[in-house]
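A short write-up of the structure that comes next.
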Number of protein chains: 2
Amino acid sequence: MVSFERFVPGDGPIYQQMVIYIKREISAGAIQPGDEMPSRRVISSLLGVNPNTVQKACKILEDEGIIQSHSGAKSIIVLDEKMRKQIKTELLEADAKKAVGILKQMGIPKTEAFSLIGKFWKEEE
Amino acid sequence: MVSFERFVPGDGPIYQQMVIYIKREISAGAIQPGDEMPSRRVISSLLGVNPNTVQKACKILEDEGIIQSHSGAKSIIVLDEKMRKQIKTELLEADAKKAVGILKQMGIPKTEAFSLIGKFWKEEE
DNA sequence: TAAACCGTATTAATCGACTAATACACTTTG
DNA sequence: CAAAGTGTATTAGTCGATTAATACGGTTTA
């Protein structure tokens with residue numbers, strides 16, 4: 001069963017955050033093909049958002065071929081390994097590029113950036 | 001004169017992006033105390049947004065003590081060195097922490113994260 | 001089979017970001 | 001001084017994200 005335990009609300013529309021959350025969990029292998037999604041109503045209650053907002057996210061995931069929804073039954077994850085790698089690459093490129101761009105705009109030298117990242121990596125372990 | 005050349009529109013409210021942009025330029029030393037801000041109307045035309053949106057950002061910057069506005073004349077940057085370092089630290093902590101959190105959620109090992117960042121750092125030089 | 005659960009859809013309403021138009025008083029500048 | 005430029009404020013309106021309430025038909029399950 002797909003879990004939303006690691007979901008932490010951030011910036012921007014919630015339905016977009018949900019889509020990205022699922023994709024990141026898929027990249028990590030924490031969500032796998034065949035896994036069941038909790039029902040729209042359960043998710044909405046878990047995250048404290050409206051069922052319609054959840055449905056909006058699920059609609060996007062279905063349009064992208066990541067979940068499959070049979071009306072009446074729970075949705076399931078349906079992606080293959082090729083697609084998983086593709087999603088992972090896309091997310092990584094976007095996130096790493098963004099992080100690098102920010103650090104460079106702030107005038108941080110590469111070495112300092114590495115030590116910073118190493119520091120925060122340690123703190124959370 | 002404060003420049004908006006490096007401003008690239010991203011996610012979230014524009015007035016918040018403007019505030020962060022100014023702070024990052026300050027962190028980098030590209031914006032310094034005494035620098036003049038372009039007028040609200042000029043900025044709005046530069047960025048293609050409404051003057052009121054620009055004013056909203058400037059109001060925040062003034063409330064935080066980063067700019068000083070005399071009605072009728074251009075606003076100027078007024079922060080001291082202590083404040084500059086404080087701003088830089090705040091931004092770095094937030095950005096680096098966020099980036100690390102994302103990479104870890106995706107199950108990226110530390111070594112791979114470093115090589116990724118190194119790669120994108122190179123590409124833009 | 002029947003109740004409980006599920007995906008889906010519709011309609012209306014709220015809220016914040018942003019636009020738009022305009023006005024006023026102050027300062028800089030020629 | 002006078003014109004142009006500037007910060008500030010007000011009011012109204014648009015638009016998208018989100019909430020809210022509700023309904024319908026298919027699937028699970030006891």
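Letters A, B, ... mirror the listed sequences (proteins, then strands); counts begin at 1.
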Could you tell me the separation between the [atom1] atom of [X] and the [atom2] atom of [N], rounded to a whole number of Å?
| X | N | atom1 | atom2 | result |
| --- | --- | --- | --- | --- |
| A/Lys74 | C/dT8 | NZ | P | 14 Å |
| B/Asn52 | C/dA17 | CG | P | 14 Å |
| A/Met37 | C/dT8 | CE | P | 11 Å |

- Would you grab the first and last nucleotide of DNA chain D (5' to 3') that comes under 4.0 Å of any non-hydrogen atom in chain B?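 The contacted stretch runs from D/dG5 to D/dT10.
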N-O pairing of [X] and [Y] below 4.0 Å:
| X | Y | result |
| --- | --- | --- |
| B/Glu81 | B/Arg84 | yes |
| A/Lys98 | A/Glu93 | no |
| B/Glu90 | B/Lys85 | no |

- Message: Angle between the two end axes of the helix from C/dT1-D/dA30 to C/dG30-D/dC1, five base pairs per end, rounded to 10 degrees?
- Response: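 About 30° separates the two local helix axes.
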- Going by number, which of residues 8-15 of chain A have a non-hydrogen atom under 4.0 Å from DNA chain C?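 Going residue by residue through residues 8-15 of chain A, none turns out to have a heavy atom under 4.0 Å of DNA chain C.
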- Show your working on side chain to side chain contact (heavy atoms under 4.5 Å, CB included) between B/Val54 and B/Leu47 and close with a plain yes or no. CA-CA 9 Å; B/Val54 177; B/Leu47 304 184; 5.6 Å; no
- Message: Can a side-chain donor-acceptor contact be found between B/Gln105 and A/Glu25 if the only test is distance below 3.5 angstrom?
- Response: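 The answer is yes; a qualifying pair exists.
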- Message: Set out, in order, the CA-CA distance, both residues' side-chain angles and the distance that settles side chain to side chain contact (heavy atoms under 4.5 Å, CB included) for A/Gln32 and A/Ile77, then state yes or no.
- Response: CA-CA 7 Å; A/Gln32 296 183 343; A/Ile77 306 288; over 6 Å; no
- When you measure from every atom of DNA chain D, which of residues 38-46 of chain B have a heavy atom less than 4.0 Å away?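 Heavy-atom cutoff 4.0 Å gives B/Ser39, B/Arg40, B/Arg41.
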- When you measure from every atom of DNA chain D, which of residues 53-69 of chain A have a heavy atom less than 4.0 Å away?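 Under 4.0 Å from DNA chain D: A/Thr53, A/Lys56.
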- Task: Would you kindly compare B/Ser75 and A/Asn50 by the position of their nearest DNA chain D nucleotide and give the one closer to the 5′ end?
- Result: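 Whichever sits nearer the 5' end wins; that is B/Ser75.
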- Query: Other than B/Ile76, what residues sit in its cluster of Ile, Leu, Val, Met, Phe, Trp and Tyr side chains whose heavy atoms are under 4.5 Å apart, directly or through others?
  - Reply: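 Under the 4.5 Å side-chain rule, B/Ile76 groups with B/Val78.
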- Task: Locate the shortest heavy-atom distance separating B/Lys88 from A/Met106; write the atom from each residue and the value.
- Result: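 Reported closest heavy-atom pair: O-CE, 3.8 Å.
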- Where does the angle between the aromatic ring planes of A/Tyr21 and A/Phe7 fall among parallel (under 30°), tilted (30 to 60°) and perpendicular (over 60°)?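 Answer is perpendicular, since the angle exceeds 60°.
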- Checking B/Lys56 against B/Tyr15: charged group under 6.0 Å from the ring centre and within 45 degrees of the axis?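 Flagged: B/Lys56 positioned over aromatic ring of B/Tyr15.
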